[in-house]
Amino acid sequence: MTKPPPRVQRNRASLPYKLRYAAQNPDKVQAYLARLARDLKLRVANRGHVAYYRAVMRADAAKSPEAAVGSPTRERWLKLGQMQFDYLLKHGLKPGDRMLEIGCGNLRAGWRFIDYLDAGNYYGIDISPDILLAAQTTLTRHGLQDKLPHLALVDDLKLGFLPSRHFTVVHAHSVFSHSPIQVIDECFAHVGRVLAPDGLFDFTFDRTEGTEHHVLREDFYYRTETLTGLAERHGFAARFMDDWERLPHGQSKIRLTHAESRPVRPG
């Protein structure tokens with residue numbers, strides 16, 4: 001892996017960074033203070049990270065479902081979804097694959113996967129009922145009802161209601177960037193059961209090469225070796241996806257496969 005860009009060295013939770021950022025971006029201070037006040041209120045009213053982040057999504061989705069999943073404009077929403085789809089297509093995605101999308105949101109990439117995959121082969125889960133309602137709107141807009149996608153609300157990532165060894169592709173885009181380490185650990189502890197023997201699990205994360213930190217319990221920054229080491233303890237082989245780094249996206253990507261399996265897909 002090449003030398004990381006300066007952005008992955010920053011500790012956005014540190015006071016010097018906050019002061020420097022405020023001085024350089026005075027127009028954003030008021031918005032940050034409003035977000036801080038909101039997050040403090042939501043943290044008091046909601047116990048546990050899932051309940052807290054569900055409330056965050058409810059507030060964000062009420063303003064804009066696209067912005068709630070990290071796309072400030074419709075154009076950006078479309079581009080990010082296309083990027084995710086093209087990447088997996090390049091890496092061997094086939095219509096017969098059975099996909100589980102963790103944190104499917106309002107189907108930014110999901111509608112493209114649903115359209116491409118054989119009917120019934122897409123399963124999306126999310127913790128937010130509000131964003132799943134927006135996902136139904138996306139399905140209707142694109143006329144994908146006959147592809148029989150599954151959309152389910154979850155409270156955790158134990159995945160106990162899903163079949164064993166079923167999914168050939170598990171995908172989690174911009175999920176662990178909003179997750180404390182115990183949520184990621186829970187996912188790694190259970191996703192291996194539902195992942196097919198030759199399946200792959202791709203996820204993105206906010207990478208830092210400095211101090212691991214979070215901002216307002218919404219944005220979490222991890223070192224690559226923290227997540228690969230955790231995955232390996234749960235029986236996975238972990239690979240940092242260098243080719244994703246060349247794409248115009250701020251997060252990094254790791255691919256997990258069963259440690260005893262041999263890669264069968266290109267890339």
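When a residue number appears, it is its place in the shown sequence, counting from 1. FYI, side chains are in, hydrogens and waters are out, and symmetry mates aren't considered; it's all heavy atoms of this structure.
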Review point. Of the non-hydrogen atoms in Pro197 and Arg165, which two are nearest, and what is the gap between them?
Key: CG-NH2, 3.0 Å
Practice item. Decide side-chain contact (heavy atoms from CB on, under 4.5 Å) for Met241 and Tyr87; before the verdict, give the C-alpha distance in whole Å, the side-chain angles of both, and the deciding distance to 0.1 Å. Key: CA-CA 11 Å; Met241 304 304 287; Tyr87 185 82; 3.3 Å; yes
Review point. Do Arg54 and Asp155 sit within salt-bridge range, that is, some charged N less than 4.0 Å from a carboxylate O?
Key: yes
Exercise for review: Would you check, one step at a time, whether the test side-chain contact (heavy atoms from CB on, under 4.5 Å) holds for Arg255 with Asp202?
Suggested key: CA-CA 4 Å; Arg255 173 168 296 173; Asp202 275 13; 2.6 Å; yes
Check your understanding: Under 6.0 Å between ring centres, would you say that holds for Tyr222 and Phe205?
Key -> no
Review point. Counting heavy atoms not belonging to Glu75, are there more than 12 under 6.0 Å from its CD?
Key: no
Review point. Thr257 side chain to Leu200 main-chain N or O, any donor-acceptor pair under 3.5 Å?
Key: no
Review point. Is atom CZ of Arg47 surrounded by more than 12 heavy atoms (other residues, nucleotides or ligands) closer than 6.0 Å?
Key: no
Check your understanding: Do the non-hydrogen side-chain atoms of Pro149 and Leu139 ever get within less than 4.5 Å of each other?
Key -> yes
Review point. If you take all heavy atoms of Arg38 and Ala59, which pair is closest and at what distance?
Key: NH1-CB, 3.7 Å
Study note, to complete from the structure: Ala55 and Asn46 have their tightest heavy-atom pair at CB-ND2, 3.6 Å
Check your understanding: Do Leu132 and Cys104 touch side chain to side chain, with heavy atoms closer than 4.5 Å?
Key -> yes
Check your understanding: Would you say His213's side chain and Thr211's backbone share a donor-acceptor pair under 3.5 angstrom?
Key -> yes
Review point. Should Phe161 and Leu148 be counted in the same cluster of Ile, Leu, Val, Met, Phe, Trp and Tyr side chains packed under 4.5 Å apart?
Key: no
Check your understanding: Do Asn121 and Lys147 have side chains that get closer than 4.5 Å, going by heavy atoms?
Key -> no
Review point. When rounded to the nearest 0.5 angstrom, what distance separates CD1 in Ile184 from CG in Leu227?
Key: 5.0 Å
Practice item. Look only at the side chain of Trp244 and the backbone of Ile254, and say whether a donor-acceptor pair between them is shorter than 3.5 Å. Key: no
Point to revise | Inter-residue atom distance Met57.CE - Ile131.CD1, 0.5 Å rounding | key: 4.0 Å
Practice item. Walk me through it: do Ile102 and Cys187 pass the test side-chain contact (heavy atoms from CB on, under 4.5 Å)? Key: CA-CA 10 Å; Ile102 298 172; Cys187 181; 4.0 Å; yes
Check your understanding: Among side-chain atoms of Glu101 and His171, is any donor-acceptor pair under 3.5 angstrom?
Key -> yes
Exercise for review: Treat each ILVMFWY residue as a node, draw an edge where side-chain heavy atoms are under 4.5 Å apart, and state whether Leu133 and Leu107 are in one component.
Suggested key: no
Exercise for review: May I ask you to check whether Phe220 and His49 place their ring centers less than 6.0 Å from one another?
Suggested key: yes
Review point. Is the closest side-chain heavy-atom distance between Lys253 and Thr204 below 4.5 Å?
Key: yes
Check your understanding: Do the side-chain N and O atoms of His234 and Asp185 include a donor-acceptor pair separated by under 3.5 angstrom?
Key -> yes
**Study point:** Test applied, salt bridge (charged side-chain N to carboxylate O under 4.0 Å, His left out); reference residue, Arg207; option that passes from Glu245, Glu225, Glu212
**Key:** Glu245
Check your understanding: Aromatic rings His258 and Phe236: how do their planes relate, parallel, tilted or perpendicular, breaks at 30° and 60°?
Key -> parallel
Review point. Looking at residues at least two apart in the chain, or sitting in another chain, which of them share a side-chain hydrogen bond (donor to acceptor under 3.5 Å, both in side chains) with Asp86?
Key: Gln82
Point to revise | Arg193 atom CZ, over 12 foreign heavy atoms within 6.0 Å | key: yes
Point to revise | Separation of Thr208 OG1 from Arg223 CZ (nearest 0.5 Å) | key: 7.0 Å
Check your understanding: Less than 4.5 Å apart, any side-chain heavy atom of His91 and any of Asp243?
Key -> yes
Practice item. State, yes or no, whether a side-chain contact exists between Val191 and Leu157 at a heavy-atom distance under 4.5 Å. Key: no
Exercise for review: From the options Tyr53, Phe203, Tyr52, Tyr221, select the one residue that forms a ring-ring contact (aromatic ring centres under 6.0 Å, His included) with His178.
Suggested key: Tyr53
**Study point:** Spatial distance of atom CD (Glu218) from atom CZ (Arg43) [nearest 0.5 Å]
**Key:** 9.0 Å
Exercise for review: Any chance you could lay out the side-chain contact (heavy atoms from CB on, under 4.5 Å) test for Leu256 and Val170, step after step, and finish with the verdict?
Suggested key: CA-CA 9 Å; Leu256 305 186; Val170 178; over 6 Å; no
Review point. Looking at Ala172 and Phe201, what are the two nearest heavy atoms and their distance?
Key: CB-CE1, 3.9 Å
Study note, to complete from the structure: For Ile127 and Pro129, the nearest pair of non-hydrogen atoms, with its separation, is O-CD, 3.5 Å
Practice item. Could you grab the distance from atom CG of Asp97 to atom CG of Leu88, nearest 0.5 Å is fine? Key: 9.0 Å
Practice item. Enter the distance from Asp60:CG to Glu66:CD here, rounded to the nearest 0.5 Å. Key: 12.5 Å
Study note, to complete from the structure: Heavy-atom closest pair (Gly105 atom, Ala135 atom, distance to 0.1 Å) is O-CB, 3.5 Å
Check your understanding: Is the distance between the ring centroids of Tyr116 and Phe85 under 6.0 Å?
Key -> yes
Practice item. Flag the pair Thr140 / Gln145 as yes when at least one side-chain heavy-atom distance between them is below 4.5 Å, and no otherwise. Key: yes
Check your understanding: Testing Tyr123, Tyr122, Phe167 for side-chain contact (heavy atoms from CB on, under 4.5 Å) with Met99, which one passes?
Key -> Tyr122
**Study point:** Gln84 vs Arg108 side-chain heavy atoms within contact, under 4.5 Å
**Key:** yes
